[in-house]
Amino acid sequence: MSRRARIAMAMADGLDAAAFGDEHRARLAQLGDLVDDDPEILLGHWGCPKLDATFLGGMPNLRLFAYAAGTVKEIVTPDVWTRGIVVTSAAAANAVPVAEFTLAAILFANKGVFAARERVRDPAVRIRRPRPVGNVAKRVGLVGASLVGRRVIELLRPFDLEVVVSDPYLDVAEATRLGVTKVELDELVATSHVVSVHAPDLPTTRHLIGAAELAAMGDGTTIVNTARGVIVDTDALVDALRDGRISAVLDVTDPEPLPADHPLRSLPNAFVTPHVAGALGSELGRLADLAITEIERFVAGEPPLHPVHDADLARLA
């Protein structure tokens with residue numbers, strides 16, 4: 001663009017102040033002017049309206065939608081592609097804290113930390129610990145080589161752990177490049193000390209981890225889910241947890257949030273957090289950085305780092 005760009009923000013009230021600091025605003029000011037109507041660039045975040053024909057009708061000159069958060073699946077519509085609008089996402093930046101949370105969960109699970117904490121609270125609690133306890137020579141199974149899954153692979157490299165992955169879109173050559181072993185799901189759940197879910201929410205992945213997969217897990221196995229709650233069959237998981245044979249670390253659930261009286265809230269071998277693995281607080285700056293970088297590249301006529309295409313939506317989380 002030879003002139004200053006017209007940039008609009010679309011996000012929940014107050015999020016612009018929470019997610020975009022003075023440095024971010026200074027970068028935007030170098031690129032163009034913040035406007036309320038007819039933008040060429042739309043900077044979105046959580047709470048952004050759906051980009052349908054009605055919404056886009058007020059933006060006839062829109063050329064770029066830079067999303068400063070993760071998935072755009074529920075925001076972007078066919079009207080965006082019809083108009084030829086470039087779409088980018090900061091999902092790669094949001095994958096960082098999710099992977100860090102996952103790493104902590106894996107290391108704590110193999111160490112038996114969650115079970116030990118419950119026994120401190122109540123010595124009568126019976127939860128199967130991993131055998132043997134520790135983070136040496138253990139197998140970690142990742143269900144999905146997504147952005148988060150690949151970041152987890154990177155974070156696990158310094159540890160003496162074997163990593164296996166089940167993902168229909170991952171071929172053996174790419175698995176070798178990543179330093180992991182590609183296996184089928186049935187082998188992964190039966191042989192892994194920790195099973196960590198990183199698959200997207202698709203019709204083919206709903207209840208991907210069901211009664212049969214949970215039953216195949218060895219005593220002391222921990223299942224970690226930071227992806228989408230519906231990928232694990234909740235009823236089957238509750239049944240599997242009741243005898244204390246396996247454990248679960250769940251940052252996402254189905255339903256979400258859980259009802260006040262749901263068993264997952266009280267089972268001692270269910271460590272449940274309220275969808276906090278993704279970017280929060282100071283971590284939001286990473287998302288803003290990446291979205292503004294995409295705007296800078298667009299203004300400079302450079303290709304985006306993390307474009308989203310129509311064909312991608314079928315596989316996105």
Side-chain angles (χ1 to χ4, degrees), residues 9-16 18-20 24 41-51 64-77 80-81 85-105 142-155 167 169 196-202 205-206 224-232 250-254 256-257 273-295 297-298 304-317:
M9 287 183 162
M11 59 198 66
D13 290 343
L15 190 54
D16 57 336
F20 297 88
H24 299 126
I41 296 170
L42 182 63
L43 175 57
H45 212 307
W46 300 321
C48 178
K50 186 180 287 289
L51 304 188
L64 170 68
F65 174 54
Y67 192 53
T71 181
V72 299
K73 182 182 285 189
E74 302 303 320
I75 299 173
V76 172
T77 71
V80 172
W81 313 119
I85 297 168
V86 176
V87 177
T88 67
S89 166
N94 195 50
V96 175
V98 180
E100 292 170 347
F101 181 103
T102 302
L103 173 65
L142 306 183
V143 182
S146 60
L147 284 171
V148 176
R150 289 168 185 250
R151 183 67 176 173
V152 172
I153 291 170
E154 293 176 12
L155 295 179
D167 187 323
Y169 297 102
S196 191
V197 179
H198 303 290
D201 175 10
L202 306 174
T205 62
R206 296 193 178 191
V224 178
N225 191 3
T226 57
R228 292 291 185 266
V230 295
I231 300 172
V232 179
L250 309 171
D251 188 55
V252 291
T253 57
D254 178 33
E256 190 175 69
T273 51
H275 209 138
V276 297
L280 294 174
S282 63
E283 296 164 339
L284 294 175
R286 282 198 190 109
L287 279 65
D289 284 338
L290 183 49
I292 295 173
T293 296
E294 295 286 26
I295 294 174
R297 293 178 66 86
F298 184 81
L305 296 173
H306 301 284
V308 180
H309 303 289
D310 188 7
D312 298 330
L313 295 183
R315 290 198 289 163
L316 292 180

- Closest heavy-atom contact between Glu74 and Lys50? O-NZ, 2.9 Å
- Message: Quick check for you: to the nearest 0.5 Å, what is the distance between Met9 atom CE and Leu15 atom CG?
- Response: 9.5 Å
- How close do Ser89 and Ala69 get, heavy atom to heavy atom, and via which atoms? OG-O, 3.3 Å
- Listed partners of Asp16 passing side-chain hydrogen bond (donor to acceptor under 3.5 Å, both in side chains), at least two apart: none
- Message: Just verifying a value: how many Å separate Asp167 CG and Arg315 CZ, rounded to the nearest 0.5 Å?
- Response: 8.5 Å
- Interatomic distance, Leu42 atom CG to Tyr67 atom OH [nearest 0.5 angstrom]: 11.0 Å
- Hey, does His24 have a side-chain heavy atom less than 4.5 Å from the side chain of Leu43? no
- Note on the structure: Closest non-hydrogen contact found for Ala291 with Ala66 is O-CB, 4.0 Å
- Quick one: pull up CG in Leu202 and CG in Leu313 and give me the separation to the nearest 0.5 Å. 11.0 Å
- Message: So which atom in Val276 and which in Thr273 form the shortest heavy-atom distance, rounded to 0.1 Å?
- Response: CG2-CB, 3.9 Å
Return a table of donor-acceptor pairs under 3.5 angstrom between the side chains of residues 90-104 and protein atoms on other chains or two or more places apart.
from: Asn94; atom 1: OD1; to: Ala279; atom 2: N; distance (Å): 2.9
from: Thr102; atom 1: OG1; to: Val98; atom 2: O; distance (Å): 2.8
from: Thr102; atom 1: OG1; to: Thr226; atom 2: OG1; distance (Å): 3.3

- Side chains of Val76 and Phe65 in contact at under 4.5 Å (non-hydrogen atoms): yes
- Query: At their closest point, which heavy atom of Ala10 faces which heavy atom of Cys48, and how far apart are they?
  - Reply: O-CB, 3.4 Å
- Query: Between atom CG of Asp312 and atom OG1 of Thr71, what is the distance when rounded to the nearest 0.5 Å?
  - Reply: 10.5 Å
- Return yes if some donor-acceptor pair links the side-chain N/O of Asp310 with the main-chain N/O of Trp81 below 3.5 Å, else return no. no
- Message: Are the side chains of Glu294 and Pro304 in contact, using a 4.5 Å heavy-atom criterion?
- Response: yes
- Note on the structure: Scanning both residues in full, the closest heavy-atom pair of Val252 with Glu256 reads CA-OE2, 3.2 Å
- Roughly how far, to the nearest 0.5 Å, is the CZ atom of Arg228 from the OG1 atom of Thr253? 12.0 Å
- Message: With a 4.5 Å cut-off on side-chain heavy atoms, are Ile295 and Thr88 touching?
- Response: no
